[in-house]
Amino acid sequence: MTYAGTLVPGAELHWGSESDDHVSTMRQVAAVAGVSAKTVSRVLRNDRYVSDDVRLRVERAVAELQYVPNVLARTFRSGSDSAIGVAVPDISDPFFAALTHAVEAVARVRGSAVIVTSLGDDGARERAGVEALLGRQLAGLITTPISQDQSYLGPWLARMAIVFVDRPPRGIRADSVIEDDVGGARQATAHLLAHGHRRVAFIGDSLEIATTARRLKGYRDALREAEVAFEPGLVALEADAGATSGELVVRLLSSADPPTAIFSSNARCSLGIVPALQSVGRSDVGLISFGDFPLAGALRPPLTVVDQDSARVGHVAATRLFERIDRPERRLKRQIVLPVTLVARGSCAELVPQEASTRPA
């Protein structure tokens with residue numbers, strides 16, 4: 001029996017008996033090409049130090065013999081699968097969906113499969129979800145921490161490459177690819193302040209989530225720089241309040257001294273805030289979302305966002321992961337911080353001073 005699997009760089013044997021007339025081995029490819037089996041392996045791994053002439057001869061031999069590398073043999077030999085894992089809080093979240101898609105694009109070029117799992121937002125379940133994925137004998141892992149401690153991954157780091165995305169790990173030293181949360185939140189808040197708003201609300205998840213804590217810091221930095229007093233009552237956190245982002249908006253707007261603008265700390269919160277504002281007819285409330293999402297620019301008014309470029313995060317993380325897999329001894333900077341961009345679209349609702357609004361036209 002033969003197995004017509006996907007061509008995986010670095011694999012050697014076809015799944016079947018070498019006596020089968022329809023099965024070619026790496027040694028046969030090497031003999032036809034006039035090179036060693038090791039050179040054939042280097043060509044299949046797309047090693048840049050192989051000459052064009054040798055590469056062409058090997059590729060012709062592979063086509064002539066219809067050679068297909070055996071994924072199963074590669075797994076037995078190396079002790080790791082040809083797949084990498086991706087573990088994120090929620091694959092349906094626009095940010096993590098785009099990130100995962102970018103990881104898959106990089107892995108596809110490498111001939112690696114991608115196994116994806118959603119961890120949810122309960123930190124107590126992180127370890128079980130991640131270790132279930134690691135049990136698949138992966139070559140590497142890209143994951144987003146949701147608990148307060150990732151030290152349980154220490155033993156795994158000695159055996160495989162792991163890259164954290166969106167949030168740095170706690171309890172271990174490992175590669176991470178994050179965004180400039182503090183700078184992006186500061187820029188967004190300053191943008192609302194520049195539109196005349198002085199009562200800017202912050203809506204987000206629990207402060208136990210590193211991104212929320214960093215974005216709250218950026219929000220507070222912008223207020224301080226503009227000499228606007230920080231008011232704890234304008235900070236609404238879903239986990240603490242036990243409410244959805246939409247419910248928090250309605251609650252804030254119903255207060256005695258409501259906000260005139262809102263900074264949403266992530267796209268998921270924004271997806272609840274927008275319909276809540278529409279339901280109470282408040283198109284006059286300024287709004288900026290940290291994180292873009294599909295159709296955000298088609299809303300009325302179109303939503304101003306801090307664009308994280310989640311696809312770039314995924315691409316950079318996957319590139320770093322394969323760098324670690326290929327050259328684990330190489331010294332690289334542990335943390336990569338990617339810039340974010342404020343995309344102004346019109347949802348900041350220029351605030352008209354009360355005295356100006358009462359003047360005769």
Side-chain angles (χ1 to χ4, degrees), residues 1-86 100-117 131-142 155-163 315 317-330:
M1 179 178 72
T2 61
Y3 174 73
T6 302
L7 185 65
V8 178
E12 289 193 4
L13 302 176
H14 193 289
W15 187 359
S17 168
E18 291 194 14
S19 62
D20 190 329
D21 292 338
H22 299 290
V23 174
S24 298
T25 68
M26 184 177 287
R27 291 187 180 85
Q28 290 172 329
V29 172
V32 170
V35 298
S36 67
K38 184 176 181 180
T39 298
V40 173
S41 178
R42 290 173 61 192
V43 171
L44 293 176
R45 291 200 308 270
N46 200 29
D47 192 317
R48 61 177 178 172
Y49 296 111
V50 177
S51 69
D52 292 341
D53 175 64
V54 169
R55 187 181 303 278
L56 181 61
R57 282 157 47 197
V58 171
E59 289 174 348
R60 284 175 175 172
V62 167
E64 177 184 337
L65 297 174
Q66 296 184 325
Y67 170 71
V68 179
N70 177 15
V71 177
L72 185 62
R74 181 171 182 256
T75 300
F76 287 151
R77 182 179 68 254
S78 66
S80 64
D81 199 354
S82 59
I84 63 171
V86 174
T100 301
H101 183 73
V103 171
E104 290 174 331
V106 175
R108 191 178 302 118
V109 174
R110 290 274 303 213
S112 293
V114 179
I115 303 174
V116 183
T117 188
E131 289 187 338
L133 189 59
L134 292 173
R136 301 295 299 271
Q137 294 293 314
L138 302 173
L141 174 70
I142 293 174
W156 291 96
L157 275 171
R159 301 164 48 190
M160 66 184 298
I162 300 178
V163 175
H315 179 85
T319 300
R320 169 54 60 89
L321 185 74
F322 286 117
E323 285 179 335
R324 288 296 190 191
I325 291 172
D326 293 342
R327 299 180 62 184
E329 77 289 348
R330 187 179 178 186

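Scored by the salt bridge (charged side-chain N to carboxylate O under 4.0 Å, His left out) test, Glu323 finds Arg320 as partners (sequence neighbours excluded). With sequence neighbours left out, the salt bridge (charged side-chain N to carboxylate O under 4.0 Å, His left out) criterion links Arg55 to no other residue.
Annotation for Leu134 and Met160: closest pair CD2-SD, 3.5 Å, computed over non-hydrogen atoms.
Atom CD1 in Ile325 sits 6.5 Å away from atom OG in Ser112 (nearest 0.5 Å). Remark: Ile162 CD1 to Ile84 CD1 distance equals 12.5 Å, nearest 0.5 Å. The structure places OG1 of Thr117 at 6.0 Å from CG of Leu133, a figure rounded to the nearest 0.5 Å.
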Please set out all donor-acceptor pairs under 3.5 angstrom arising from side-chain atoms of residues 30-37, sequence neighbours excluded.
| unit_1 | atom_1 | unit_2 | atom_2 | d |
| --- | --- | --- | --- | --- |
| Ser36 | OG | Thr39 | N | 3.2 |
| Ser36 | OG | Thr39 | OG1 | 3.0 |

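At distances below 3.5 Å, at least one donor-acceptor pair connects side-chain atoms of Arg324 with backbone N or O atoms of Arg330. Without hydrogens or angle criteria, Gln28 side chain to Thr25 main chain gives a donor-acceptor distance under 3.5 Å.
Residues Arg110 and Arg108 fail the side-chain proximity criterion, which asks for heavy atoms closer than 4.5 Å. The shortest side-chain heavy-atom distance between Arg57 and Val54 falls under the 4.5 Å cut-off.
When each of Thr319, Ile142, Val163, Leu321 is tested with Val103 by the rule side chain to side chain contact (heavy atoms under 4.5 Å, CB included), just one qualifies, namely Ile142.
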Practice problem: Determine, stepwise, if the pair Val50 / Val58 fulfils side-chain contact (heavy atoms from CB on, under 4.5 Å). | Solution: CA-CA 11 Å; Val50 177; Val58 171; over 6 Å; no

